[in-house]
2 protein chains.
Amino acid sequence: MANLDQAFAAYAHPIRRGIIERLAEREMTVAEATSDFGVSKPAISRHLRVLEEAGAIVRVIDGRQHRLRLREDALDDPYHWLDDLRAMWEHKFATVEQYLAEQRR
Amino acid sequence: MANLDQAFAAYAHPIRRGIIERLAEREMTVAEATSDFGVSKPAISRHLRVLEEAGAIVRVIDGRQHRLRLREDALDDPYHWLDDLRAMWEHKFATVEQYLAEQRR
DNA sequence: GGTACAGTTAACCAAATGGCTAATCTCGAC
DNA sequence: GTCGAGATTAGCCATTTGGTTAACTGTACC
């Protein structure tokens, strides 16, 4: 994975998350993985580039089709960042009750 | 958590992740949580607003200081999205392994 | 009162993002 | 060789993002 900025940014767009969700099922061509998103092909093409540069997917060019699949470690870096934080804070979060109580003070 | 777009976008900036990492230790004022990031106070102020609107932090105004705290469920939505995909992906992987094992018999 | 401090808002600017249409490239089928 | 299909690149545009400085709000302190 390139870096956390790119990784999180890659997953911040619904079309890109949709592509990832489909590719989690199986490898697909561009047309399969991106139909029904309601945007033009060039728009799709750039979403794919963002995902590729973020290290989320790999592309195998097969004739005139491009076969896409998730990278094995696609989700690791953002997942671990979130997971480490979750492990760290435990008791340190704000509860709604605390918040409301302090607002009333 | 507001939505996945906002959540992932919130974590896509190093300063915002840095703020979250500090707040995972303990509650802090704005100045404590954001010193040494090398940007101006207005820039910080807007990063905080992004985090707040994404549902990542809460703010309690205490005199002239704003005390910041992580929200209880701050990381849940992006974490679960990634986790569900990982589960799916690893299941596929296991299936492939099983398939190969069966082929070798 | 008056001043300093913690923080935000306003106004502005440059760069990045996300969309489009039109043009292009590369195969596969005929 | 020609045509069409799968996909990208080029060029354009509007909006958003991330930064700045200057001005402002509200609070603490003398």
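In what follows, chains are A, B, ... by sequence order, proteins preceding strands, each numbered from 1.
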- A:L48 CG to D:dG6 C1': how many Å, rounded? 12 Å
- Query: Is the shortest side-chain N/O distance from B:S40 to OP1 or OP2 of D:dT20 below 4.0 Å?
  - Reply: yes
- Message: Nearest heavy atom decides the nucleotide; on that basis, is B:R46 or B:R49 closer to the 5' end of DNA chain C?
- Response: B:R49
- Message: If you only use heavy atoms from C-beta on, which nucleotide in D:dG18, C:dA6, C:dT8 is closest to the side chain of B:Q65?
- Response: C:dA6
- Query: Nearest-Å distance, CZ (A:R59) to P (D:dA7)?
  - Reply: 9 Å
- With the side chain of A:K41 defined as its heavy atoms from C-beta on, choose the nearest nucleotide among C:dA4, C:dT8, D:dA7. D:dA7
- Query: Base, sugar-phosphate alone, or nothing: which one does A:R16 contact when heavy atoms must sit under 4.0 Å apart?
  - Reply: sugar-phosphate
- Can you check the A:R67 CZ to C:dC27 P distance for me, whole Å? 15 Å
- Message: Mind checking if B:A43 touches a base, just sugar-phosphate, or nothing, with heavy atoms under 4.0 Å?
- Response: base
- Sub-3.5 Å donor-acceptor pair from the side chain of B:E32 to the main-chain atoms of B:T29, do we have one? yes
- Can you find a side chain N or O atom of B:H13 that sits less than 4.0 Å from OP1 or OP2 on D:dT16? no
- Honestly curious: do A:I57 and A:Y79 fall in one hydrophobic cluster under the side-chain, below-4.5 Å linking rule? yes
- Note on the structure: With the side chain defined as heavy atoms from C-beta on, A:R64 is closest, among D:dT8, D:dG19, D:dA5, to D:dA5
- Message: In this structure, how many angstroms lie between the C1' atom of C:dG7 and the CD1 atom of B:I44, rounded?
- Response: 12 Å
- Taking atom P of D:dG18 as reference, at what distance in whole Å does atom CD1 of B:I19 sit? 12 Å
- Message: Please report the distance, rounded to the nearest Å, between CD in B:E53 and P in C:dT8.
- Response: 13 Å
- Could you state the CZ-P distance from B:F37 to C:dG7, rounded to the nearest angstrom? 14 Å
- Query: Which word best sums up how the rings of A:W81 and A:F8 line up, parallel for under 30°, tilted for 30 to 60°, or perpendicular for over 60°?
  - Reply: perpendicular
- Task: To the nearest 0.5 Å, tell me how far B:R46 CZ sits from B:R16 CZ.
- Result: 10.5 Å
- Item | Exceeds 12 heavy-atom contacts within 6.0 angstrom, atom CZ of A:R22 | yes
- Task: Ignoring backbone atoms, test whether A:H47 places a side-chain nitrogen or oxygen under 4.0 Å from the OP1 or OP2 oxygen of C:dT17.
- Result: no
- Using a cut-off of strictly less than 4.0 Å, decide whether A:H66 has a side-chain nitrogen or oxygen near OP1 or OP2 of D:dT8. yes
- Task: Specify the separation, in whole Å, of atom CG of B:D5 and atom C1' of D:dT15.
- Result: 15 Å
